[in-house]
Amino acid sequence: MRFSQLLCPTVRETPNDAEVISHQLMIRAGMIRKVAAGIYSFLPLGYRIIQKFEAIVREEMNRAGAQEVFLPAVVPAELWEESGRWQLYGKELLRLRDRHNKEFCIGPTHEEVITDLVRQTVRSYRQLPLSLYQIQTKFRDEIRPRFGLMRGREFGMKDAYSFHANWESLDATYAAMSRAYEAIFKRCGLDFRIVEADSGAIGGDSSAEFMVMAATGEDAIIHCNTCSYAANLEAAKVRPSPVDSGDKTPAYASILTPNAGKIEDVTAFLGRPAEHFIKTLVYMANEVPVLVLVRGDHTVNEIKLRHVLDCQELSLAEDETVKSVTGAPVGFAGPVALPAAVRIVADAAVMGLADAVSGANQKDTHLTHIQPGRDFVPEIVADIRDAIVGDACYHCDSGTYQILRGIEVGHIFKLGEKYSQALNAVFLNAEGKEQTFIMGCYGVGIGRTVAAAIEQNHDADGIIWPMALAPYHVDVIVLNTKDADLVAISDRIYQTLTENRIEVIYDDRAESAGIKFKDAELIGFPIQVIIGKKVKEEGLFEIKLRATKEVRLVVEADLVSALQDLIRN
RNA sequence: CGGGGUGUAGCGCAGCCUGGUUAGCGCACCUGUUUUGGGAACAGGUGGCCGGAGGUUCGAAUCCUCUCACCCCGACCA
């Protein structure tokens, strides 16, 4: 490809609406352009990178025994009503009507469609297991799209679904998919980790996320400094704290704490650390108020809380509700001396406290010498808090938790029978009896992985593409297009490389050398072949590596093999 | 949805507070000449419904009202 023919509008200045580096660089390198919030067009170079990644995904999916299908982007509402998600999914689901006023959505994920397909076409256990996948444009009407391709509304995703007659078969495919994902991200040269995850709105029994490590990642990852345990903060398990018997705790007593409604205020006022406090929050769980207790230095993990309470809707209560439930303004709630009967859910660490402090359910008043178990008894005690740095590891005896940040690029789930039951998708098993399919589902964010690759591979000059994703491997740069000899040599080199099936872009533009170097570095071609004075004077071609800026000089006869070696690594 | 902010040439911005010739600057783009190993120089040019609608005024990019879009923080999320 000649650069002079390529639509690649590089931009010198950083666009002011691009927050993260991958977004900035993709815009600046002329790879994507924004059409609306969270919706992008891909220009030739950007699309080529997407295609490179998709090809890797296809190869590994096929190798894992999955078959490619192509499902519709627009899905009739009935299917979603059948699974119950038409109601559950909320505003994120983009709904629309056709000319007959029939309801549809743009699929944000395709469990319903694939389950419908399989229930129509698969009758016998002999046809199982079956793995199908597609690469499709999806739409989720995110509340706040941001970070370019990282969190768009329209986005490319590879989603695979597997169908099984028994759990052992699902386990085998789940493991095979996990290996396929490892292969995919390894081939892209990414530094990633597999972490335990919450299965979220998709549902299911167990799931793991593939996280590309990056300081700008949206997800916090808890990992043990001793064993191999790693989990998304949302799902990271916390080891129960040792319980203090609290034998010596005196009877509780109230103490005036004027205007000290926040934990920091009260700790400062009383001169006791936050660890001695019981933080009391009022939540609305399916429209019923619940008192939620965590230690003063901990935060509530709403995902865990949701699981414990088994509820769909969960949110912090309005100030008015707090008043009616506790009889005091926000900031003075506590589990002791409550005016009305309310459900109380306590984090396990709260029960480990002795001689604790909490609100007195009275304005400007707290209670000291509270002994959990003696002075109040929660209905539920469970792990409902976020893990923090330094927590003892749940899985091993000696480790403690550290925290890292990552970008979720893949997620695999054991769905079980959730969708097959809802959609009554059944087959005949070996005993001739009807049985619902056992399912798994496996997603990879296409654009997001490409963005993550940039987050992980860039410098002050621009992108440094891993060879596997680079739009072209080699950029042939002719430094002076007014020099007919130089152009003739460059044309010849371009032709030779092309004939040798090297993916090459030929920067034949009548631009100054500086512009060509800057663009080459911005776009991030892994290898530059620079054709300038040295070629004419000494017959030496300069090969420059983007990642290290290392330069090698070779004669023309060695150029092709030198490049092929570099591309192969 | 709550809080904050921005819409002026393809991009980045000034002008607005305090209304008044033909709306300006840098980059990009076009023409010519000179340049070509790190985002060149000179000269000449193209390009604007000042986001949209309504209002106030002799007169509106500027003041007022409404509206749309986008961005940031928060809640949400494979």
Side-chain angles (χ1 to χ4, degrees), chain A residues 9-20 23 27-28 30 33-39 85 88-93 107-111 136 138-148 150-153 155-161 197-204 207-211 218-219 232 234 302-303 306 313-316 318 407-413 415 441-449 461-462 477-484 486-487 507 509-522 528 530-537 542 544 549 551:
Chain A
T10 57
V11 175
R12 191 178 318 200
E13 287 163 281
T14 302
N16 67 0
D17 60 352
E19 190 79 352
V20 293
H23 187 196
I27 300 263
R28 286 193 52 211
R33 278 291 165 99
K34 187 172 72 179
V35 176
I39 300 176
R85 288 207 291 184
L88 284 180
Y89 220 84
K91 311 122 281 162
E92 247 186 82
L93 188 63
T109 171
H110 280 72
E111 284 80 9
Q136 173 63 278
K138 315 250 179 185
F139 197 95
R140 285 185 199 162
D141 201 356
E142 293 277 351
I143 295 172
R144 185 145 92 84
R146 55 187 135 176
F147 304 148
M150 209 100 95
R151 178 163 294 273
R153 292 194 293 173
F155 58 97
M157 175 169 161
K158 186 285 300 179
D159 50 329
Y161 305 90
D198 179 75
S199 50
I202 293 251
S207 77
E209 288 169 334
F210 289 73
M211 292 281 188
E218 283 195 275
D219 287 289
N232 193 307
E234 292 175 356
E302 293 190 1
I303 287 167
R306 209 179 282 261
E313 283 179 39
L314 182 75
S315 59
L316 272 174
E318 309 280 330
I407 300 162
E408 180 192 350
V409 290
H411 201 157
I412 58 178
F413 303 79
L415 287 178
C441 96
Y442 319 91
V444 171
I446 302 292
R448 187 182 277 190
T449 302
D461 295 316
I477 300 175
V478 53
L479 290 182
N480 185 353
T481 51
K482 290 276 170 63
D483 183 333
L486 223 46
V487 170
D507 197 343
R509 296 174 298 170
E511 297 284 358
S512 71
I515 287 181
K516 294 185 180 190
F517 286 134
K518 289 288 184 191
D519 277 348
E521 282 156 3
L522 177 60
Q528 298 165 22
I530 299 161
I531 298 176
K533 270 184 249 154
K534 285 195 197 76
V535 172
K536 282 179 82 171
E537 289 164 7
E542 189 173 327
K544 186 169 178 185
K549 311 249 162 134
V551 172

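These numbers come from a predicted model, not from an experiment. Lettering of chains follows the sequences in order, A, B, ..., and the numbering in each one begins at 1.
Between the C1' atom of B:rA78 and the CD1 atom of A:I407 lies a distance of 15 Å, rounded to the nearest Å. The nearest whole Å value for the distance from the CG atom in A:D141 to the P atom in B:rA78 is 15 Å. Per the geometry, CG belonging to A:L316 stands 16 Å off P belonging to B:rG74, to the nearest Å. Put simply, CD on A:E521 is 8 Å from C1' on B:rG38, counting in whole angstrom units. Rounded to whole angstrom, the span from the CG atom of A:D483 across to the C1' atom of B:rG37 amounts to 13 Å.
Residue contacts for A:E408: at a heavy-atom cut-off of 4.0 Å it reaches the sugar-phosphate backbone alone, with no base atom in range. Residue-level contact check: A:K544 touches the bases, meaning some heavy atom is under 4.0 Å from a base atom. If you check every strand for non-hydrogen atoms under 4.0 Å, A:G410 touches nothing. At a threshold of 4.0 angstrom between heavy atoms, the contacts of A:D519 include nucleobase atoms, whether or not backbone atoms are also involved. If you check every strand for non-hydrogen atoms under 4.0 Å, A:E19 touches sugar and phosphate atoms only. Residue-level contact check: A:R509 touches neither bases nor backbone, having no heavy atom under 4.0 Å from any strand. As judged by a 4.0 angstrom heavy-atom cut-off over every strand, A:K34 is placed among residues touching the sugar-phosphate backbone only. Nucleic acid contact class of A:E302 (heavy atoms, under 4.0 Å, all strands): sugar-phosphate only. Nucleic acid contact class of A:F210 (heavy atoms, under 4.0 Å, all strands): none.
In a base pair of the Watson-Crick type (N1 to N3 plus N6-O4 or O6-N4) or a G-U wobble (N1-O2 and O6-N3), with each distance short of 3.5 Å, B:rG74 is matched with B:rC1. The partner of B:rU65 is B:rA53, by the rule that a Watson-Crick or G-U pair needs both atom distances under 3.5 Å. Base pairing annotation: B:rG19 forms no Watson-Crick or G-U wobble pair, as no partner gives both donor-acceptor distances under 3.5 Å. For B:rA40, the paired nucleotide is B:rU34, the pair qualifying as Watson-Crick or G-U wobble because both relevant distances are below 3.5 Å. When Watson-Crick and G-U wobble pairs are counted only if both distances are under 3.5 Å, B:rC25 pairs with B:rG12.
The NE2 atom of A:H411 sits 8.0 Å away from the CE atom of A:M211 when rounded to the nearest 0.5 Å. With rounding to the nearest 0.5 Å, the separation of NZ in A:K549 from CD in A:Q528 is 8.5 Å. Distance check, rounded to the nearest 0.5 Å: CG of A:D17 to NZ of A:K34 gives 4.0 Å. The line from CZ of A:R151 to CD of A:E218 is 4.0 Å long, rounded to the nearest 0.5 Å. Of the inter-residue distances, the one linking A:E92 atom CD with A:F139 atom CZ reads 10.5 Å to the nearest 0.5 angstrom. Rounding to the nearest 0.5 Å gives a distance of 4.5 Å between NZ of A:K516 and CG of A:D507.
B:rG38 and B:rC1 are spaced 50 Å apart, taking the C1' atom of each and rounding to whole Å. Comparing the C1' positions of B:rU21 and B:rG15 gives a spacing of 16 Å, expressed to the nearest Å. Look at the P atom in both B:rC16 and B:rC71: the space between them is 28 Å, to the nearest Å. For the P atoms, the distance linking B:rA14 with B:rG32 amounts to 35 Å, nearest Å. For B:rA69 and B:rU22, the C1' atoms lie 31 Å apart once the distance is rounded to whole Å. A gap of 30 Å separates the C1' atoms of B:rG2 and B:rU8, to the nearest Å. Across B:rU46 and B:rA53, the matching C1' atoms stand 31 Å from one another, rounded to whole Å. Using atom C1' as the reference point in both B:rC42 and B:rG24, the two lie 22 Å apart (nearest Å).
Proximity of a side-chain donor or acceptor of A:R448 to a complementary backbone N or O of A:M150 within less than 3.5 Å is detected. Within the 3.5 Å criterion, the main-chain N or O of A:G38 finds no donor-acceptor partner in the side chain of A:R153.
Looking at the side chain of A:R28, the nearest of the listed nucleotides B:rG38, B:rC73, B:rG39 is B:rG39. For A:K518, counting side-chain heavy atoms from C-beta on, the closest listed nucleotide (B:rG38, B:rG37, B:rC72) is B:rG38. With B:rG37, B:rC1, B:rC70 as the candidates, the nucleotide lying closest to the side chain of A:K533 is B:rG37. For A:I515, counting side-chain heavy atoms from C-beta on, the closest listed nucleotide (B:rA40, B:rG74, B:rA78) is B:rA40. When each of B:rG74, B:rC77, B:rA78 is scored by its nearest atom to the side-chain atoms of A:R144, the top-ranked nucleotide is B:rG74. Distance from the side chain of A:I530 is smallest for B:rG37 among the nucleotides B:rC73, B:rG37, B:rC77. Out of B:rC70, B:rG37, B:rC76, the shortest distance to the side chain of A:K534 is found at B:rG37. With B:rC70, B:rG12, B:rA75 as the candidates, the nucleotide lying closest to the side chain of A:E13 is B:rG12. Side-chain proximity of A:R448 to the nucleotides B:rC1, B:rA78, B:rC73 is greatest for B:rA78. With distances taken from any side-chain atom of A:V11 to the nucleotides B:rA78, B:rG74, B:rC11, the minimum falls on B:rC11.
Residues forming a side-chain contact (heavy atoms from CB on, under 4.5 Å) with A:I515 (at least two apart in sequence, or on another chain): A:R509, A:E511, A:S512, A:D519.
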Below 3.5 Å is the cut-off: list the nitrogen or oxygen pairs between protein and nucleotides 13-15 of chain B, distance only.
| from | atom 1 | to | atom 2 | distance (Å) |
| --- | --- | --- | --- | --- |
| B:rC13 | OP2 | A:N16 | ND2 | 2.7 |

Could you run down the sub-3.5 Å N/O contacts of the protein with nucleotides 30-36 of chain B?
| from | atom 1 | to | atom 2 | distance (Å) |
| --- | --- | --- | --- | --- |
| B:rU35 | O4 | A:K482 | NZ | 2.4 |
| B:rU36 | O2' | A:L479 | O | 3.4 |
| B:rU36 | O2' | A:N480 | ND2 | 3.3 |
| B:rU36 | O2 | A:E511 | O | 3.4 |
| B:rU36 | O4 | A:K482 | NZ | 2.7 |

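A salt bridge between A:R146 and A:E19 is absent, with no side-chain N of the basic residue lying under 4.0 Å from a carboxylate O of the acidic one.
The side chain of A:R12 places an N or O atom within less than 4.0 Å of a non-bridging phosphate oxygen (OP1 or OP2) of B:rA28.
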- May I have the step-by-step check of side chain to side chain contact (heavy atoms under 4.5 Å, CB included) for A:Y89 and A:T109, ending in yes or no? CA-CA 11 Å; A:Y89 220 84; A:T109 171; 4.1 Å; yes
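Counting non-hydrogen atoms of other residues, nucleotides and ligands closer than 6.0 Å to NZ of A:K536 gives a total above 12.
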